[in-house]
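Data first, discussion second: the structure below is written as structure tokens.
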Number of protein chains: 2
Amino acid sequence: MVDKSHIKHFCSIVGEENVKSDKAHLIAYCYDATRDRFEPDAVVFPRDEQEVSDILKYCNEHKIVIVPRGAGSGFTGGALPASGGIILSLERHMNQLLEIDMQNMVAVVQPGLVNMSLQKAAEEVGLFYPPDPASEEYSTLGGNVSENAGGMRAAKYGITKDYVMALRAVLPNGDIIQAGKKTIKDVAGYNIAGILTASEGTLAVITEITLKLIPKPKHKQTYMGIFPDVTSAMNAVFKSLASGANPVAMEFLDSLVIKALKQKLGVNLPESAGAVLVGDVDGNLTDEVKFQLETLEVSFKENGATDFIIARDETHAKELWYARRNASPSITIYGNKKLNEDISVPRSKLPIALEKIYAIGDKYGLTVPCFGHSGDGNIHVNVMVKDKNDPKQLEDGHKAIEEIFKLVVDMGGTLSGEHGIGTAKAAYMNIAFSEAEMNLFKNIKKAFDPNNILNPNKMGL
Amino acid sequence: MVDKSHIKHFCSIVGEENVKSDKAHLIAYCYDATRDRFEPDAVVFPRDEQEVSDILKYCNEHKIVIVPRGAGSGFTGGALPASGGIILSLERHMNQLLEIDMQNMVAVVQPGLVNMSLQKAAEEVGLFYPPDPASEEYSTLGGNVSENAGGMRAAKYGITKDYVMALRAVLPNGDIIQAGKKTIKDVAGYNIAGILTASEGTLAVITEITLKLIPKPKHKQTYMGIFPDVTSAMNAVFKSLASGANPVAMEFLDSLVIKALKQKLGVNLPESAGAVLVGDVDGNLTDEVKFQLETLEVSFKENGATDFIIARDETHAKELWYARRNASPSITIYGNKKLNEDISVPRSKLPIALEKIYAIGDKYGLTVPCFGHSGDGNIHVNVMVKDKNDPKQLEDGHKAIEEIFKLVVDMGGTLSGEHGIGTAKAAYMNIAFSEAEMNLFKNIKKAFDPNNILNPNKMGL
């Protein structure tokens, strides 16, 4: 437990104004995008890396649990103080864009910088930071790295880990380390930046991030394919990509989502639409964009598409994207509790995976609308519970989720494509990992954090 | 030490014909591409993953040192049994291409498969495996992953780590693990595949590799830029790339290499050439290739290029590449001992880095021809010792190398862009890493290998 002497010591490190333990602050820092709530014992706002080091060193000596936090927008409890302790909040002071190095096409940022701030700063100088999680307007880059955030553009441009060149971080014992360089190639020493990415704040506190930028493609165009059913759309996904198409995004809506969009938001989609694929293509030449659109159209129609729409202009593009962007809020017509899991399978398995996911829903009498990043095999599966106050329905929902996870892992897929494990999926880790693999995770955790003070008891560890 | 009872036990696992301890075999497995020689106590050729597991389990129980080995073509001693023990040779039996999954654009291979075999198999079905280390004709993919091999195409396509989707591996205690999936996104659990890549066979024995493939670009063209001096060429490197050019390769030859090529091999290069950049551009449309060439030509000429040559045909392209491909053998005119280091700096630092590297050479009266992968900042720096039998010259060579490493690290660069650390660079790790960072490496090594049996005493650990 954190007592007054500890609070006093934190004040001596960061200043009184940067330590909060009043009820309002404890409540303000008790949540994330899950519905779980855990109040910390205190919230500490370090002003720089040295202060982070001093805090960790003290916590390590006094065995005080510490949970690093950015915007608290995660979906799996990664930033929740589920075992108590203090919140180390990096979004108040350590939120600066330190450098955009145009000569090397690299950005150096502090962990509390919001994703969109970097995207905008890069665009202003003709560069591009592709990872665009749905939370891009408020999630921080420290959180993005810690969860290895994905997004819509992963089909062509990959995910956060593909852009992390180097990290500075503080180990639980207070040691400050540099991992990686501002160089494309670096094979000296173990790949620490690689293992810190996606480690959910359990191994070290990231204090500085060096990210790769790329030249901004000059042209972009939005497309939409209309399919009679989910299976034909899912076949079109992997067949079009294997045929050489390289779209920025290829997002998917199933018939339940389409119905919800029409019913709740009056979205205008063709009567015949049993499934939709929507996305962008880009390139430096208009001919490249044209080539991409032609490749997609041919492949979509070979796989049963009844229509292939190309946006006439920016406004039309926004209209086409509107359906995808509102998929999540629309499906509340099916229930007041959404069990949303971001499973991922090899793309060729999407048709059969979705067929079986719907069958699991049917078995429990639950509606399971699905949408998401089909271009990279990552689908948001939403098990809808009509009435969350009915324990039977809720229990069935969780049973369905467990069956879906088992199915996905059997198909060579993963529990999480982008949201992470945290507390929310910790109970399912044994579905995906053997005892040997879990033991290895535990040994790695111990190598970084022998006293288990840093974001403990997450990820099933 | 390995005694007769151990040999007998290995025979019981893999069969007598797959355990060798005769002098001929010990000599055959004592070398790599360094000039160092260390004879193992025995060579064992496992036939499958279970045998690898049985061998490791036994070695762990009996504290027998074990060194995994592919083709033994490494430049830094990674596969050398520098502390004795047995060689676990994966190139005899575990060398199969298990699958090319065209639907998901993924290859699954055993660690002993030669890089070029995969490249060819991928090309036959219209796909592309970009990493192309100079050893591509004989180095194995297990070795490529363990060293995180680079190559000429890294400027556009990245390096081995960018293609590793999943690994199967055996831990020192014999546990078999799976790390990663055949999915683009996977954020469940720690990124074990990430830390095994570039770990130089010190953490686990890789038994299966899942690699990303991409569609083979339809068109390719070779270019060469002629520059009056190294500084203008190095400026052209980072300025052309920052201006949006995205060449597959941008390779560099300095004036010493050019002189050696002319003198030793009669290579035809312009009288005025003080430095050369040579490479390929590619794309799915001829217009993309044209756009890339135009972008390069404009930027090269803005930075002082006196000539920009575009290959007329395949034969001409081979002629242009001939100079680069023969850089390494040509420079032996400068001495009979080559201290070849593969340093890497942020690209914008190349002009000043090279200037200072030549100055270090001058200080010791040593010729330092440089060439390599300038497009990704990775340069092969060759400190030439005229007479390797003169201890003073050799000592000066090593002093120069140490100064070069210090310079490079001060400039934000790395000891090794692609060769690794192994035994050859172990003594220099303290230049690049703090005590805290080295301690972390040691703790990670211990987490995987508490008995320190797997390729011990490498990487300065």
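Each chain gets a letter, A, B and so on, in the order the sequences are listed, and its residues count up from 1.
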Would you mind checking which part of [X] comes under 4.5 Å of any heavy atom in chain A, side chain (CB onward), backbone (N, CA, C, O), both or neither?
X	answer
B/His419	backbone
B/Asn378	side chain
B/Phe433	side chain
B/Met429	side chain
B/Ile214	neither
B/Lys218	side chain

N/O donor to acceptor pairs below 3.5 angstrom from side-chain atoms of residues 164-181 of chain B, sequence neighbours left out:
residue	atom	partner	partner atom	Å
B/Arg168	NE	B/Glu49	OE1	3.4
B/Arg168	NE	B/Glu49	OE2	2.9
B/Arg168	NH1	B/Gln178	OE1	3.4
B/Arg168	NH2	B/Glu49	OE1	2.8
B/Asn173	OD1	B/Asp175	N	2.8
B/Asn173	ND2	B/Asp175	OD2	3.2
B/Gln178	NE2	B/Gly180	O	2.9

Using salt bridge (Lys or Arg N to Asp or Glu O under 4.0 Å) as the criterion, point out the one residue from A/Lys182, A/Lys185, A/Lys212 that pairs with B/Asp376.
-> A/Lys185
For residues B/Arg347 and A/Ile184, report the shortest heavy-atom separation together with the two atoms involved.
-> NH1-CD1, 3.1 Å
For B/Ala447 and A/Ala447 the tightest heavy-atom approach is CB-CB, 3.9 Å
Residue pair B/Glu288, A/Asn284: steps toward the side chain to side chain contact (heavy atoms under 4.5 Å, CB included) verdict = CA-CA 8 Å; B/Glu288 277 177 78; A/Asn284 281 313; over 6 Å; no
Any residues in residues 186-202 of chain B near chain A, with a heavy-atom distance under 4.5 Å, and which are they?
-> B/Asp186, B/Val187, B/Ala188, B/Gly189, B/Tyr190, B/Asn191, B/Ile192, B/Gly194, B/Ile195, B/Thr197, B/Ala198, B/Ser199, B/Glu200, B/Thr202
Picking from A/Glu435, A/Lys445, A/Lys442, which has the most non-hydrogen pairs under 4.5 angstrom with chain B?
-> A/Lys445
Of all of B/Leu415, B/Thr76, B/Ile444, B/Leu127, which one pairs up most often with chain A through heavy atoms under 4.5 Å apart?
-> B/Ile444
